[in-house]
Amino acid sequence: MLNTEPNNFEFQRSVAIVKPNPEIVSSTYLYESLVFQKAELINTAHGAVQQCLFISDIAGFPINIPHPEELQKFNSAVVPMFDIISANEAENHVLADMRDLLLPQLMSGELDVSKFNL
């Protein structure tokens with residue numbers, strides 16, 4: 001699930017973005033609904049060599065829409081969790097970049113950390 005829509009992207013003709021109508025459900029609710037029905041989606045897939053879903057398969061897939069009050073409770077509880085997950089993923093990327101930059105310098109002795117009390 002993407003929390004923000006990418007600015008520049010290209011898809012093969014066999015890839016699609018599935019977005020909800022935000023007036024009906026949130027992207028988090030749609031994502032969780034599809035994850036909940038993952039087995040049914042897998043069983044809907046076509047193809048002998050490479051399994052695939054067609055847009056018409058997804059478009060006709062039932063998504064239960066809760067009462068607006070229930071949807072608001074869901075969004076209030078779950079959306080902040082997804083925001084934290086997204087922030088943690090971004091921080092992990094920053095930390096991995098820092099590791100990739102610093103580790104070779106540490107291993108080669110180019111960066112001296114002996115002065116630090118670790």
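These numbers come from a predicted model, not from an experiment.
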- [ ] Sort and list the pairs that fulfil side chain to side chain donor-acceptor pair (under 3.5 Å) and have at least one residue in residues 105-118, not counting sequence neighbours.
- [x] Asp112-Ser114
Open item on the list: I need the Lys38 NZ to Ser33 OG distance, nearest 0.5 Å.
Closed with: 15.0 Å
Task: In one Ile/Leu/Val/Met/Phe/Trp/Tyr side-chain cluster, 4.5 Å: Val79, Phe36 - done: no
Task: Closest non-hydrogen atom pair, Leu41 against Leu34 - done: CD1-O, 3.6 Å
Task: Other residues, nucleotides, ligands: >12 heavy atoms within 6.0 Å of Asn64 CG - done: no
Task: Exercise: identify the closest heavy-atom pair between Asn75 and Ser26 - done: OD1-OG, 2.7 Å
Open item on the list: Looking at every non-hydrogen atom in both residues, tell me the closest pair between Pro66 and Glu70 and how far apart they are.
Closed with: CB-CB, 4.0 Å
Open item on the list: Quick check: is Val35 connected to Ile65 through a chain of hydrophobic side chains (ILVMFWY, heavy atoms under 4.5 Å apart)?
Closed with: yes
- [ ] Report yes if some heavy atom in the side chain of Thr28 is under 4.5 Å from a heavy atom in the side chain of Met81; otherwise report no.
- [x] no
TODO: Give a yes or no answer on whether the side chain of Asp97 reaches the backbone of Val94 with a donor-acceptor pair at less than 3.5 Å.
DONE: no
Task: Heavy-atom side-chain contact between Ile63 and Val25 under 4.5 Å - done: no
- [ ] Look only at the side chain of Asn43 and the backbone of Ala39, and say whether a donor-acceptor pair between them is shorter than 3.5 Å.
- [x] yes
Task: Atom pair NE2/NZ of His67 and Lys73 - distance to nearest 0.5 Å - done: 10.5 Å
Task: Backbone N/O of Gln72 and side chain of Ser76: donor-acceptor pair under 3.5 Å - done: yes
Task: Distance, nearest 0.5 Å, that separates CD of Glu32 from CD of Gln37 - done: 11.5 Å
- [ ] Identify whether Leu53 and Val18 are in the same connected component of the hydrophobic contact network (ILVMFWY, side-chain heavy atoms under 4.5 Å).
- [x] yes
TODO: Return the minimal non-hydrogen interatomic distance between Ile42 and Gln51, and the atom names on each side.
DONE: O-OE1, 4.5 Å
Task: Residue Gln50 excluded, over 12 heavy atoms near CD under 6.0 Å - done: no
Open item on the list: Please verify the inter-ring angle class for Phe82 with Tyr31; under 30° counts as parallel, over 60° as perpendicular, anything in between as tilted.
Closed with: perpendicular
- [ ] Please go through Met107's hydrophobic cluster and name the other residues, only I, L, V, M, F, W, Y counting, with side-chain heavy atoms under 4.5 Å joining them.
- [x] Leu103
Task: Shortest non-hydrogen separation from Phe61 to Thr44 and the atoms involved - done: CE1-OG1, 3.9 Å
